[in-house]
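Heavy atoms only: backbone and side chains are in, while hydrogens, waters and symmetry mates are out.
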Amino acid sequence: MPQMTSQRGPPHAPYENEDTGSVVVLNGGSLQRQLGNRHLQIIAIGGSIGTAAFVSVGTALAEGGPGSLFIAYVIYAVIMGMLNNCAAEMVVYMPVSGGFVRLAGHWVDEALGFMAGWNFLLYEGIMIPFEITALQVVLSFWSDKVPAIAICLVCIFLYGLLNVFAVRVYGEAEFWLSTGKILLLTILFCFTFITMVGGNPQGDAYGFRHWNHPGAFAEYLSTGSLGRFQGFLACLWNAAFLMVGPELISMMAAEAKQPRIYLKSAYKTVYVRFAIMFVGTGFCVGILVAYNDPTLVAIVFGDASGSGTAAASPYVIAMHNMGVTALPHLVNALLCTSIFSAGNNIFYNATRTLYSLALQGKAPKQLAKCTKDGVPIYAFGVTMLFPFLSLLSLSKSSETVLTWLLNLVTAAGIIDFIVIAITYISFYRACKAQGVSRDSLPYKGWFQPYSGYIALVAEIVIVLCYGYTSFDPWNVSTFFTHYTMVIVAVVIFFFWKFYKKTRWLRPHEVDLVWEKPLVDLYESTCEEPLTTFWGETLDMVRFWKVSKQNDLD
């Protein structure tokens with residue numbers, strides 16, 4: 001790689017951990033690298049799996065049918081694979097705090113970074129009360145006597161507790177919570193296979209019966225071919241909300257041990273998550289339940305009780321249809337932990353996003369202050385305000401709030417993916433213009449730059465079209481529900497562009513050195529040996545056994 005001079009200031013001094021003597025800090029801030037290989041890989045697999053994977057997928061099934069659901073999930077999984085391919089190459093090379101947000105501002109245009117940061121913060125901030133509201137209605141599967149305000153306050157307290165301490169506390173909590181999600185999906189996939197071949201109380205080997213009767217493709221909004229196409233689009237919009245991941249892993253880049261090695265492994269596991277967990281979910285629910293199942297239709301299109309709860313999950317509906325009684329309670333219990341985990345993961349990302357904005361001067365500089373344990377304490381305090389939005393659900397039905405938040409944040413999430421694609425294209429062009437061989441990068445993405453261009457076009461089409469139902473007939477409320485975040489993103493971008501007079505960087509102007517020397521320094525001085533996922537997990541178990549024996553002695 002040719003020698004280049006960074007234009008963005010001197011590197012920050014590394015920080016020495018008093019306990020181990022190893023360098024644990026970072027690039028451009030005071031966060032500490034305490035997330036190990038097992039944390040990153042498990043969070044990469046299960047960290048973002050929440051309500052949609054178990055409950056909201058039922059809505060897509062009812063609107064599009066199993067064929068449309070499966071095809072839409074496969075198509076969007078491919079698109080997300082391309083985005084993951086882009087993010088992995090950039091983040092593994094430059095694992096800085098703020099992830100894709102800072103990369104966008106530094107490699108494309110400061111205005112794009114400003115927009116990306118605040119869009120992502122609003123997206124994550126709104127998602128926190130969304131998950132809390134979802135937890136309220138899932139708990140109502142057992143009883144509606146638990147006060148909703150109590151659930152809100154307990155969640156707020158626990159999110160604060162898990163994020164106010166060193167990042168290893170968050171990492172440890174997410175390791176176990178995400179493991180629970182993986183266990184839940186494994187149970188549900190096994191349930192699907194066993195019952196479809198006859199392992200159910202009725203002994204009915206139903207196989208792919210629902211794909212034939214009532215059929216693979218449902219009509220939605222219209223009839224005939226148009227109605228089936230609209231059903232497919234409904235499934236595609238659902239997939240756009242369900243499938244996330246590359247942007248979330250990038251937010252952990254500055255707190256990962258051995259970042260270029262462990263982040264590379266984490267990003268590779270995301271492909272497995274898209275292929276098995278997300279696509280598998282779309283495939284299994286279409287096997288288990290017919291799209292015209294009376295219970296499913298009543299919950300999705302009517303006013304049946306249980307909407308939004310575990311009872312609305314196609315898995316639970318199938319269990320009730322087959323006369324399986326105990327398993328729905330286990331599913332609901334694991335679903336509660338899965339939703340709580342998703343909210344906790346989102347809270348962490350929102351805090352780090354606000355911190356990175358402050359680090360760049362795009363938010364009050366006080367928000368970049370960290371405790372001695374590496375927690376951005378003031379950014380944490382501001383993020384704590386978002387969960388209180390869940391109290392809005394106390395004045396109306398939780399289901400209404402859930403639906404409104406779902407529609408509002410979908411566009412914001414897609415905008416993040418558009419930013420990742422734009423940033424990668426700029427990075428690719430800069431490498432080419434400056435003579436930097438991508439073969440020298442710690443991770444080289446495949447099918448580039450075509451992956452970036454295809455993903456960019458696909459996400460732009462989706463974000464512009466997914467609210468098409470608000471145009472015919474024209475509905476002002478629905479329009480703003482779907483497009484508010486798009487309008488806000490455009491306003492934020494041009495506000496910062498005109499206010500700071502920023503400009504789009506040309507390929508030869510992009511600073512490809514930036515904080516690379518800091519990462520190189522950290523990796524060259526880190527005394528902690530490299531570990532595999534299973535090796536680190538076994539070390540944790542062995543340490544627990546030794547500690548327990550020492551306590552007994």
Side-chain angles (χ1 to χ4, degrees), residues 43 46-57 80 99-101 116-138 151-152 155-156 158-160 162-163 170 174 177-178 181 237-252 278 308 335-357 379-380 382-393 398-417 419-420 463 466 481-482 484-486 488-489:
I43 294 173
S48 61
I49 298 174
T51 315
F54 306 106
V55 178
S56 302
V57 66
M80 288 302 299
F100 79 98
V101 171
W118 284 102
N119 176 78
F120 191 57
L121 179 64
L122 290 173
Y123 170 66
E124 297 291 289
I126 292 173
M127 283 294 292
I128 298 172
F130 166 78
E131 297 294 347
I132 295 176
T133 304
L135 187 59
Q136 290 177 32
V137 291
V138 166
I151 298 172
C152 293
C155 284
I156 293 170
L158 291 176
Y159 287 156
L162 293 174
N163 286 272
Y170 158 80
E174 276 304 300
L177 289 169
S178 294
K181 297 181 189 180
W237 309 154
N238 179 270
F241 175 74
L242 170 66
M243 298 188 199
V244 296
E247 76 286 16
L248 305 181
I249 298 175
S250 76
M251 301 308 293
M252 298 186 288
F278 289 142
L335 182 55
C336 289
T337 62
S338 298
I339 294 172
F340 177 82
S341 169
N344 185 49
N345 190 33
I346 292 165
F347 189 100
Y348 166 85
N349 289 315
T351 302
R352 270 46 180 188
T353 302
L354 191 55
Y355 165 81
S356 70
L357 286 169
F380 162 83
V382 173
T383 305
M384 278 296 295
L385 299 176
F386 284 109
F388 284 95
L389 292 176
S390 62
L391 298 176
L392 293 173
S393 65
S398 296
E399 294 86 351
T400 301
V401 176
L402 196 66
T403 302
W404 183 80
L405 291 175
L406 171 66
N407 291 332
L408 187 64
V409 301
T410 299
I414 298 172
I415 290 169
D416 295 329
F417 301 142
V419 170
I420 290 175
V463 80
Y466 94 108
T481 298
H482 287 99
T484 291
M485 295 306 297
V486 178
V488 169

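If you take SG on Cys155 and CD on Gln136, they are separated by 8.0 Å, rounding to the nearest 0.5 Å. Atom-to-atom distance recorded for Met485:CE and Ile414:CD1 is 11.5 Å, nearest 0.5 angstrom. Taken from CD in Glu131 to OG in Ser341, the straight-line distance is 9.0 Å, to the nearest 0.5 Å. Interatomic distance, Leu121 CG to Ile126 CD1, rounded to the nearest 0.5 Å: 9.5 Å. To the nearest 0.5 Å, atom CG of residue Asn349 and atom CE of residue Met252 are 7.5 Å apart. Annotation: the span from Phe347 atom CZ to Ile156 atom CD1 amounts to 9.5 Å, rounded to 0.5 Å.
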Tabulate below the donor-acceptor pairs under 3.5 Å that side-chain atoms of residues 238-247 make, not counting sequence neighbours, or state none.
from, atom 1, to, atom 2, distance (Å)
Asn238, OD1, Tyr73, OH, 2.5
Asn238, ND2, Ser56, O, 3.3
Glu247, OE1, Gly245, N, 3.1

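Contact check for Glu124 versus Phe386: no side-chain heavy atoms found under the 4.5 Å cut-off. The closest side-chain heavy-atom distance from Asn119 to Val419 is not below 4.5 Å. The side-chain heavy atoms of Met251 and Leu248, taken from C-beta on, include no pair separated by under 4.5 Å. In this structure, the side chains of Trp118 and Leu354 come closer than 4.5 Å at one or more pairs of heavy atoms. Two residues are said to be in side-chain contact when any heavy atoms from C-beta on lie closer than 4.5 Å; Ile132 and Tyr159 meet this criterion.
Leu391 is linked by a side-chain contact (heavy atoms from CB on, under 4.5 Å) to Ile149, Cys152, Phe388, Leu394, counting only residues two or more places apart in sequence or in another chain. Listed by chain and residue number, nothing satisfies the side-chain hydrogen bond (donor to acceptor under 3.5 Å, both in side chains) test with Tyr123 (two or more places apart in sequence, or in another chain). Scored by the ring-ring contact (aromatic ring centres under 6.0 Å, His included) test, Phe120 finds Phe100 as partners (sequence neighbours excluded). By the side-chain hydrogen bond (donor to acceptor under 3.5 Å, both in side chains) test, Tyr170 is found to be paired with Asn345, residues two or more places apart in sequence or in another chain being considered. Taking Val488 as the reference, Leu122, Thr484, Ile492 meet the side-chain contact (heavy atoms from CB on, under 4.5 Å) condition, with sequence neighbours excluded.
Between Glu174 and Asn344 the shortest heavy-atom distance is OE2-ND2, 2.9 Å. When all heavy atoms of Ala411 and Val486 are compared, the pair lying nearest together is CB-CG2, 4.0 Å. Taking each heavy atom of Ile415 and Ala489 in turn, the nearest pair found is CD1-CB, 3.8 Å.
Checking side-chain atoms of Tyr348 against main-chain N and O of Asn163 turns up no donor-acceptor pair under 3.5 Å. Under a 3.5 Å cut-off, the side chain of Thr383 and the backbone N or O of Ala379 do form a donor-acceptor pair.
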